[in-house]
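Inspection log for the structure reproduced underneath, given as structure tokens.
Below, chains carry the letters A, B, ... as their sequence lines are ordered, and counting in each starts from 1.
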Amino acid sequence: MNLDGLNKDQRKAAETLEGPVLILAGAGSGKTRALTYRIANLIDHGVKPWNILAITFTNKAAKEMRERVSSLVGEGGDEVWVSTFHSMCARILRRDIEKLGYTRSFTIYDDDDQSSVIKDLIKQFNIDDKALPAREIKSKISDAKNKLQAPDDWFSQSPRDFRSQQIHDLYDAYERRLRHANALDFDDLLVRTLELFADHPPVLDSYRDRFQYVHVDEYQDTNFAQYSLVKLLTKKSRNLCVVGDDDQSIYGWRGADIKNILDFEKDFKDATVVKLEQNYRSTANILEAANQVIAHNEGRMEKSLWTELPEGDPIELFCAGDEREEAAWICDRIQQLTIAERSCGDMSILYRANAQSRVLEEMLVRAGIPYRIYGGLRFYDRKEVKDIVAYLRCIVNPADDVSLRRIINQPKRSIGDSTITELVRYAGEKEMPLYSALVDVPETLSARPRKCVREFGELMNELVLSREDMSISEFVTLLIEKTQLKVQYERDLSDEGKNRVENIQEFIGSVREYEEATDDPSLEDYLENVALVSDLDTADFESKAVTLMTVHSSKGLEFPIVFLAGLEEGVFPSGRSFNDDQRMEEERRLCYVAITRAREQLYISYATQRMLYNQVNYNAPSRFLNEIPKRLINDEWISKREKIFPGAMDSYQHPTPKRASRYAADGTAGVGLGTGVNVLGISGVQKGFTPSLAKAIPSIAVAAIFKEGDRVMHRKFGEGDVLEIRGAGNEARIVIGFAAYGQKEFALSIAPIVKVN
DNA sequence: GAATAAATTGTTTTT
DNA sequence: CAATTTATTC
């Protein structure tokens, strides 16, 4: 194996093949490179590819690693098992889950499904959902599962109060519900795999034999269940190689335990530790900023990143009046960079919370800048798509009550709440799945609903039968026909309706794509993909568009130019971490991750006033800003702000809160004020490219993104040229020359125009 | 009893 | 602001 392309430390990582290995890899230190070379080297030393397991954090990372290994070793590279924990477990369970009393066609419940089970149980138990909200129960259950605590285990280490008792009861009932529905939630995939291994030693042994060399990437973000699984698998071989960076542990809220990586050397006394400290990604300035910020955390593993790269540009800092100005400044910078021949594909805008993306999107549309947004709503999470998926799940797994309830009256077939309640009661009484009640309809229902239910039952049975003799895509097409799922939207001629029809069409396309790309396609396997594939997994960064995403999503990625928006107290760091040191340290690690995404240029912005979650706040600049040495920052934009947004200050002197206070001090309802500003949102422009549909975003900040000579598109008058911009701030007006309509003048702050290139 | 219109309420991060 | 709950009409 030729390891010349590696530095000294990377080479050590790739050459240490036996025993436990800890690779402490700083941001941008080429850890994926080291890992792929190590795997290739193992194969080179005669290890069979199928005896190697590599666990990554996302499916996309898995795919990339498989490709990189293949390109190093050629044939056989794709025989290496590379997948996420969840995909691996799903695959293991698909084989042997019958030993645990489930069937192989089990359903994987997503977040929504979990919530609906819990909400239903809360109702059934007659629990006050204000004292115990569903989301809290959900996170409690998830926490418990991540720690491998069954309901009784959890209870035995909780305070013996009524509240814990209720949580215990709900957790217990939740578990039984899922079991009855032949369904597993995300956490179950791990828990049940461990259960399988614990109860069936021969199964465990077969996987121990199979996975002689185990690799875990992003080890700092593993939880106790994942840790246990890894330990169990490598107990005999002791060939475990983990890669991670304690400074990039950002999933503590999801049960990830940073101690897993901090204590690795205690766990494996003879572990070889390799530190990758040379950064190949960022300029010296950016790296120094990141190093200084993270130095404010305590209890880190010792390591110091360095680079041979030049100093580079300073970090550009801007203080905006509000979130729209911030967005406008970013758009203006992007336009300037584009003029300097930088591609939009090299740029990314990162933010703490998904909710921040909306304003950015609106402004990007106006400025005519192509962008893609990741996170937020997945394609498979759209209503119309989820409905089809729910049908498919019911057909594959008739015990799946949650999915059945979702579609029993979708599209409308006159099966209302009271009918459903009765069906559920009847099914519960006879201890059978809800599906059976469609055929064995309870006598207690009156004639009309009974007819509707029976018709629906016949439709479903018909579908189940026709699945036998056709391909998956043919079947999905037939299903959409018979259920009239598409027809109902085709009648709707609005943008939303058209969008839904398109999404349904695209769904059929995705099924067909899957069918062609897979050796042995099955509906079960397809549904598993739907459940486990994230938005980011399907992302392509090839297109020349600015990438928008949360800092969390950006982990593992890099961009030449990064905009980091919303660096304010309460936003980043999140207000929820204020009174918890542990969480605050995680916020700081998150900031470290954000900064280290940038290769060449980093732009940071914050706003003195921000409307977020429908509330106006005046936030101080983020503490993380103070942790970056002044000498690395160019803050001249702040003093130029008046020039970029002339007259902008005026409108910020009398900010109008949307609602003064929802409740008066005495507990009576207060009077809402209303902004008086009509915000025409842009609908249907997700992952957007075509700005032609854009409506007006009333904002004086938009002035900054239009200049004389620009070509613009008006919603009514079509394309024209900007001839003149008069006045400033709220009073600013824009004169546009249209070929067909001649010269027109508009108030710039509300004109429905977008820039075109 | 079901479908629709109006009112209320809560939002970090996600495999 | 959208998702969900509640009131009202058919």
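- Note: A:His86 and A:Phe186 have perpendicular aromatic rings, judged against thresholds of 30 and 60 degrees for the angle between ring planes.
- Not a single side-chain hydrogen bond (donor to acceptor under 3.5 Å, both in side chains) links A:Ser414 to another residue, sequence neighbours left out.
- For A:Tyr613, there are no side-chain hydrogen bond (donor to acceptor under 3.5 Å, both in side chains) partners, not counting sequence neighbours.
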Under 3.5 Å between N/O atoms: give me all the protein pairs with nucleotides 13-15 of chain B, atom names plus distance.
residue, atom, partner, partner atom, Å
B:dT13, OP1, A:Asn354, N, 2.7
B:dT13, OP1, A:Asn354, ND2, 3.2
B:dT13, O4', A:Arg352, NH2, 3.4
B:dT13, O2, A:Trp253, NE1, 3.2
B:dT13, O2, A:Arg352, NH2, 2.5
B:dT13, O2, A:His552, NE2, 3.4
B:dT14, OP1, A:Thr550, OG1, 2.8
B:dT14, OP1, A:Ser553, OG, 2.9
B:dT14, OP2, A:Asn354, ND2, 3.2
B:dT15, O4', A:Arg254, NH1, 3.3
B:dT15, O4', A:Arg254, NH2, 3.4
B:dT15, O3', A:Phe57, O, 3.0
B:dT15, O2, A:His86, NE2, 3.0

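- Side-chain contact between A:Val402 and A:Asp120: absent, with no pair of heavy atoms (C-beta onward) separated by less than 4.5 Å.
- With sequence neighbours excluded, the residues satisfying side-chain hydrogen bond (donor to acceptor under 3.5 Å, both in side chains) with A:Arg500 are A:Glu384, A:Glu496.
- Within the 3.5 Å criterion, the main-chain N or O of A:Ser574 finds a donor-acceptor partner in the side chain of A:Ser577.
- Comparing B:dT12, C:dC1, C:dA3 by their nearest atom to the side chain of A:Arg135 picks out B:dT12.
- Atom name P, nucleotides C:dT6 and B:dT11: the rounded distance is 16 Å, in whole Å.
- A straight line from NZ of A:Lys119 to P of B:dG10 spans 12 Å, rounded to a whole angstrom.
- Between A:Ser414 and B:dA3, a side-chain N or O to OP1/OP2 separation shorter than 4.0 Å is present.
- Using a 4.0 Å heavy-atom distance criterion, A:Thr419 is classed as a sugar-phosphate-only contact.
- Remark: A:Asn354 engages no residue in a side-chain hydrogen bond (donor to acceptor under 3.5 Å, both in side chains) (not counting sequence neighbours).
- When atom types are taken as modelled, the side chain of A:Asn223 and the backbone of A:Ala225 share a donor-acceptor pair closer than 3.5 angstrom.
- Residues from residues 404-413 of chain A that place a heavy atom under 4.0 Å from any atom of DNA chain B, listed by number: A:Asn409, A:Lys412.
- Distance A:Glu136 CD to B:dT11 C1': 16 Å, rounded to the nearest Å.
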